[in-house]
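See below for the structure under consideration.
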Amino acid sequence: MTEPTFAELVSRWYEENARDLPWRKPDVGAWAILVSEVMLQQTPVVRVLPAWEAWLARWPVPAALAADSPAEAIRMWGRLGYPRRALRLRECAVAIVERHGGSVPDRLDQLLALPGVGTYTARAVAAFAYGQRHPVVDTNVRRVVCRAIAGEPDAGPTTRPADLVATEELLPEEPAAAALASAAFMELGALICTARAPHCDRCPVESTCAWRASGQEAPAGPTRRPQRYAGTDRQVRGLLLRVLRETTGPVPHQRLDQVWADDVQRARALAGLVEDGLVEPVGTEAFRLAGDGPAPPLPTPNLTY
DNA sequence: GTCCGGTCAA
DNA sequence: TTGACTGGAC
């Protein structure tokens with residue numbers, strides 16, 4: 001009898017303990033999975049859930065989103081944060097229509113070439129939507145592998161090629177089992193092997209965890225600079241965008257002036273939104289969400305002769 | 001106040 | 001390699 005592997009232990013735990021998330025249901029297509037991965041990039045599951053449902057109800061296929069305006073995408077993004085993701089997801093839909101006939105590609109290089117799709121998301125879609133064998137490494141997986149295998153207290157701030165290799169070595173050979181294991185690693189990091197207060201008493205690999213065995217050392221020091229939000233351009237961008245989102249069409253600049261008192265910072269934030277393609281000037285006195293114009297005129301039947 | 005994280009551009 | 005990019009939960 002051989003000992004169960006690390007991936008087998010975590011996968012068994014996953015099958016008993018995974019959260020019941022809608023994008024994990026068996027009949028969910030690649031587009032829905034791609035949308036969920038982009039939304040989850042920097043955002044907790046609970047906030048993504050309603051936005052994902054609404055987004056896919058409105059745009060069930062990439063071509064539907066590609067045909068709609070950036071403004072509508074930004075509006076539907078709501079308060080998920082990092083609204084450039086909405087813009088990129090729409091650009092991604094356009095690219096999928098133009099390059100791949102409207103179907104989410106299944107090749108890693110083609111996924112990586114899509115706007116807003118990076119190392120993590122490309123592998124997540126290839127694995128979870130298409131059942132391919134790829135290491136899928138987000139911050140949770142990096143932490144799990146770093147602790148349980150290397151015995152180190154903390155993973156580095158970014159995913160490095162070595163992290164992909166270390167994770168790949170843990171995957172079962174069979175592609176579907178590998179995809180399941182990747183989902184299981186992520187879930188373990190999200191629910192048990194959490195950053196600050198891990199629940200080792202409920203961990204399926206506690207007995208083989210190198211970090212646990214070595215005394216569960218705390219991370220050496222702060223690995224990240226303190227993050228601030230209040231008072232930053234980020235906050236001002238958010239406030240400006242909220243006003244624009246809640247209005248259809250142009251908003252007079254006087255109304256935008258009310259969201260933030262500091263003229264210099266407000267102007268800088270607004271210029272940044274324009275620079276990012278989220279907002280566009282209308283004349284000299286107003287701004288609107290990108291493409292939030294009147295519907296393009298329908299071709300009118302020629303009745304004039 | 002503190003925590004959180006993938007992508008992209010600089 | 002570093003920093004910009006949000007907004008909600010705690």
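Since the structure is predicted, the reported quantities are computational estimates derived from the model, not experimental observations. Each chain gets a letter, A, B and so on, in the order the sequences are listed, and its residues count up from 1.
In this structure, A/R85 contributes its side chain and A/G116 its backbone to no donor-acceptor pair below 3.5 Å.
With B/dG6, C/dT6, B/dC3 as the choices, the nucleotide that has an atom nearest any side-chain atom of A/T121 turns out to be B/dG6.
Separating the CG atom of A/L240 from the P atom of C/dG7 is a distance of 10 Å, rounded to the nearest angstrom. Atom pair A/L89:CG and B/dT7:P shows a separation of 13 Å (rounding to whole Å applied). In this structure, A/L241 atom CG and C/dG8 atom P are separated by 13 Å, rounded to whole Å.
Along DNA chain C, the nucleotide nearest A/D233 and the nucleotide nearest A/R242 are compared for position; the residue whose nucleotide lies closer to the 5' end is A/D233. Both A/V46 and A/R160 lie close to DNA chain C; mapped to their nearest nucleotides by heavy-atom distance, the more 5′-ward contact belongs to A/R160.
For C/dC10 and B/dG6, the C1' atoms lie 23 Å apart once the distance is rounded to whole Å. Using atom C1' as the reference point in both C/dG7 and B/dA9, the two lie 23 Å apart (nearest Å).
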Show the distances under 3.5 angstrom between N or O atoms of the protein and N or O atoms of nucleotides 8-10 of chain B.
{"from": "B/dC8", "atom 1": "OP1", "to": "A/G116", "atom 2": "N", "distance (Å)": "2.6"}

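Between A/T159 and A/Y120 there is no side-chain heavy-atom pair separated by less than 4.5 Å.
Within residues 125-143 of chain A, no residue has a heavy atom under 4.0 Å from DNA chain C.
Residue A/Y229 has a polar side-chain atom (N or O) positioned under 4.0 Å from OP1 or OP2 of C/dG7. Under 4.0 angstrom from either OP1 or OP2 of C/dG7 there lies no side-chain N or O belonging to A/R47. Between A/R85 and C/dG7 there is no side-chain N or O to OP1 or OP2 distance below 4.0 Å.
In this model, a side-chain donor or acceptor of A/Y82 finds a partner on the base of B/dG5 within 3.5 Å. In this model, no side-chain donor or acceptor of A/Q41 finds a partner on the base of B/dG5 within 3.5 Å.
Within 4.0 Å (heavy atoms only), A/R268 reaches no atom of the nucleic acid at all.
For residues 51-77 of chain A, the ring pair (Phe, Tyr, Trp, His ring centres under 6.0 Å) pairs, not counting sequence neighbours, are A/W23-A/W52, A/W55-A/W59, A/W55-A/W77.
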